[in-house]
Amino acid sequence: MKIMTVFGTRPEAIKMAPLVKKLQEDPDIESVLCVTAQHREMLDQVLSLFELVPDYDLNIMKPNQTISMITANVLQGMESVLQKEKPDMILVHGDTSTTFVAALAAFYQQIKVGHVEAGLRTYDKYSPYPEEMNRVLTGHLADIHFAPTQRNVDNLLRENIEKEKIVVTGNTVIDALLQVANKPYEFEDETLKKLDFEGNRIITVTCHRRENLGENMVHIFKAIREIADEFDDVEVVYPVHMNPKVRETANMVFGKSEKVHLIEPLQYQPFVNLMAKSYLLITDSGGMQEEAPSLGKPVLVVRKETERPEAIEAGTVKLAGVSQDTIYALTKELLENKGAYDEMAQSTNPYGDGKACEHIIKALKIYFKK
Ligand code: UD1
Ligand code: UDP
């Protein structure tokens, strides 16, 4: 069987890298890797860490790209690649525009689609935007669904997706995390080397979602700035996403703070080590909600809703919303109330045991009867 994996952004690459490695090692599978490069630098960081060399690179990223630009360029770029390679199936991941459009391109060529990280839902069309609609649409284009949890399976069944086409696998992010977290690592970044992880409490921040751009992001950052200014022993590290709109707001709110360190996006290995050494995490990232329960680090999610309620039920993740006052109050509580902190600092992970890739490959073989 010839399987083509397609991805384009940092989180897709992190979560698909361990799967591509396993596909490449399997003698029954011919593996082809196509990247859209919806992200450039942030994608290349992951490709180099996992030593992946794409067979095709559509190189579509443009500064300040709109969703329509990504859609048009991926759709057009994928056509000739799919016509040339004629894979038995393409594998896409999650909910980015690369995911949905690559699935659509495969459908146009009547090529089967496998959806990894299937079945996550908020049921709010505009939150996260455009990701909720990307995954609904991909779900209806897909021929086989690799769902991380039973709740994700139930979501798909409610949309009349046939049960025979759904497999519960766990999330491949745990496969990636365990591969990286178990290796010894010393920081190379000058800012991280100087941080006092023993004497101070480090808060790691990331924020980038399209629906948070503008006013919400200003409120989120102001709450974090207030905390950094108020608590002498708190330092904030924020590897800033490369979106120019995010950078502008981050520089505006944090620009002159000595307590908030704005740094370039980190390679996955230093970033996992930073999370592991941090006191708590404040983020709107999807992937970090799945990783943090394995590391036992409390996460305040600066969004109005989450498609990852399992992490909230596990206790490690709390939905903090986007209001400045609430984010400030919840962070302050975790800094001042040890009981509240300890309640969240648990390491039970609902997203699997790091064997998701094995489950996916087994299911692919059953699907193609190999
Ligand atoms: C995209 C995904 C989002 C995912 C996120 C992960 C869509 C519509 N959005 O959002 O689901 O959670 O990636 O980070 O699919 N840029 C660079 N270099 C990079 C990456 C980005 O310069 O390596 C800049 C470019 O100016 C680019 C902008 O960031 O135009 C935004 O990138 P884009 O992929 O459109 O949106 P994200 O917010 O990254
Ligand atoms: N991450 C990273 N370096 C950073 C920030 C995040 O490697 O500087 C990792 C993080 O551990 C997670 C993924 O990138 O696995 C999250 O990516 P992002 O926030 O871009 O997307 P999302 O998770 O929101 O889809």
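Note that the coordinates shown come from a computational prediction; the quantities given were computed from them, not determined experimentally. One-based numbering, in listed order, for ligands and for the atoms of each.
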Any ring-ring contact (aromatic ring centres under 6.0 Å, His included) involving residues 11-55? Give me the pairs, sequence neighbours left out, ordered by first then second residue.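 Counting only pairs at least two positions apart or across chains, the ring-ring contact (aromatic ring centres under 6.0 Å, His included) contacts touching residues 11-55 are His39-His241.
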
Other residues, nucleotides, ligands: >12 heavy atoms within 6.0 Å of [X] [atom1]:
{"X": "Tyr126", "atom1": "OH", "answer": "no"}
{"X": "Tyr129", "atom1": "OH", "answer": "no"}
{"X": "Glu186", "atom1": "CD", "answer": "no"}
{"X": "Lys355", "atom1": "NZ", "answer": "no"}

Side chains of Asp154 and Gln150: any donor to acceptor distance under 3.5 Å?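 Yes, Asp154 and Gln150 have a side-chain donor paired with an acceptor closer than 3.5 Å.
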
Only heavy atoms of [X], strictly under 4.0 Å: list the atoms of ligand 2 that pass.
{"X": "Pro265", "result": "8 (O)"}
{"X": "Leu266", "result": "2 (C), 3 (N), 4 (C), 7 (O), 8 (O)"}
{"X": "Pro239", "result": "8 (O)"}
{"X": "Tyr268", "result": "7 (O), 11 (O), 15 (O)"}
{"X": "Met275", "result": "11 (O)"}
{"X": "Ile14", "result": "7 (O), 9 (C), 13 (C), 14 (O), 15 (O)"}
{"X": "Gly286", "result": "22 (P), 23 (O), 24 (O)"}

Could you check Leu43, Leu91, Val92, Thr96 and say which one makes a side chain to side chain contact (heavy atoms under 4.5 Å, CB included) with Phe7?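 Of Leu43, Leu91, Val92, Thr96, side chain to side chain contact (heavy atoms under 4.5 Å, CB included) with Phe7 is met by Leu43 alone.
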
Kindly compute the distance separating CG (Leu295) from OG (Ser278), expressed to the nearest 0.5 Å.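 If we round to the nearest 0.5 Å, Leu295:CG and Ser278:OG are 9.5 Å apart.
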
What is the closest protein heavy atom to [atom], and at what distance does it sit?
{"atom": "atom 1 (N) of ligand 2", "value": "Phe271 CD2, 3.5 Å"}
{"atom": "atom 21 (O) of ligand 2", "value": "Pro11 CG, 3.3 Å"}
{"atom": "atom 15 (O) of ligand 2", "value": "Glu291 OE2, 2.5 Å"}
{"atom": "atom 16 (C) of ligand 2", "value": "Ser285 OG, 3.6 Å"}

Given a heavy-atom cut-off of 4.0 Å, could you list the residues near ligand 1 in chain and number order?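 Protein residues near ligand 1 are Thr9, Pro11, Gln38, His39, Arg40, Glu41, Met42, Met61, Lys62, Pro63, Asn64, Gln65, Ile70, Thr96, Ser97, Pro130, Glu131, His208, Arg209, Arg210, His241, Met242, Asn243, Pro244.
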
Give the intermediate values and the outcome of side chain to side chain donor-acceptor pair (under 3.5 Å) for residues Thr98 and Gln38. CA-CA 7 Å; Thr98 286; Gln38 174 180 333; 2.7 Å; yes

Contact check: [X] vs ligand 2, nitrogen or oxygen atoms, below 3.5 angstrom:
{"X": "Asp284", "value": "no"}
{"X": "His208", "value": "yes"}
{"X": "His241", "value": "no"}
{"X": "Arg10", "value": "yes"}
{"X": "Gly287", "value": "yes"}

Does Phe187 have Lys193 sitting over its ring (NZ/CZ under 6.0 Å from centre, angle to axis within 45°)?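 Not satisfied by the 6.0 Å and 45° rule.
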
Could a heavy atom of Arg209 be found less than 4.0 Å from some atom of ligand 2?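 Yes, that is the case, since the closest heavy atom of the residue is under 4.0 Å from the ligand.
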
I'd like to know whether ligand 2 has Gln289 as a neighbour, heavy-atom separation below 4.0 Å.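 In this structure, Gln289 fails to qualify as a contact of ligand 2 - no heavy atom is under 4.0 Å.
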
Check for me, please, whether Met16 and Leu177 land in the same ILVMFWY cluster - side-chain distances under 4.5 Å, paths through other members count.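 In one cluster: yes.
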
Side chain to side chain donor-acceptor pair (under 3.5 Å) for Lys15 and Asn171? Distances and angles first, verdict last. CA-CA 8 Å; Lys15 291 167 163 184; Asn171 197 307; 4.7 Å; no

Under 6.0 Å between the ring centres of Phe197 and Tyr279?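 No; Tyr279 has its ring centre 6.0 Å or more from that of Phe197.
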
Heavy-atom side-chain proximity of Met42 to Thr9 below 4.5 angstrom: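 No; the side chains remain at least 4.5 Å from each other.
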
Of the options Asn216, Thr206, Thr306, Asn212, which is the one that meets Asp284 in a side chain to side chain donor-acceptor pair (under 3.5 Å)?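 In the set Asn216, Thr206, Thr306, Asn212, the residue that makes a side chain to side chain donor-acceptor pair (under 3.5 Å) with Asp284 is Asn212.
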
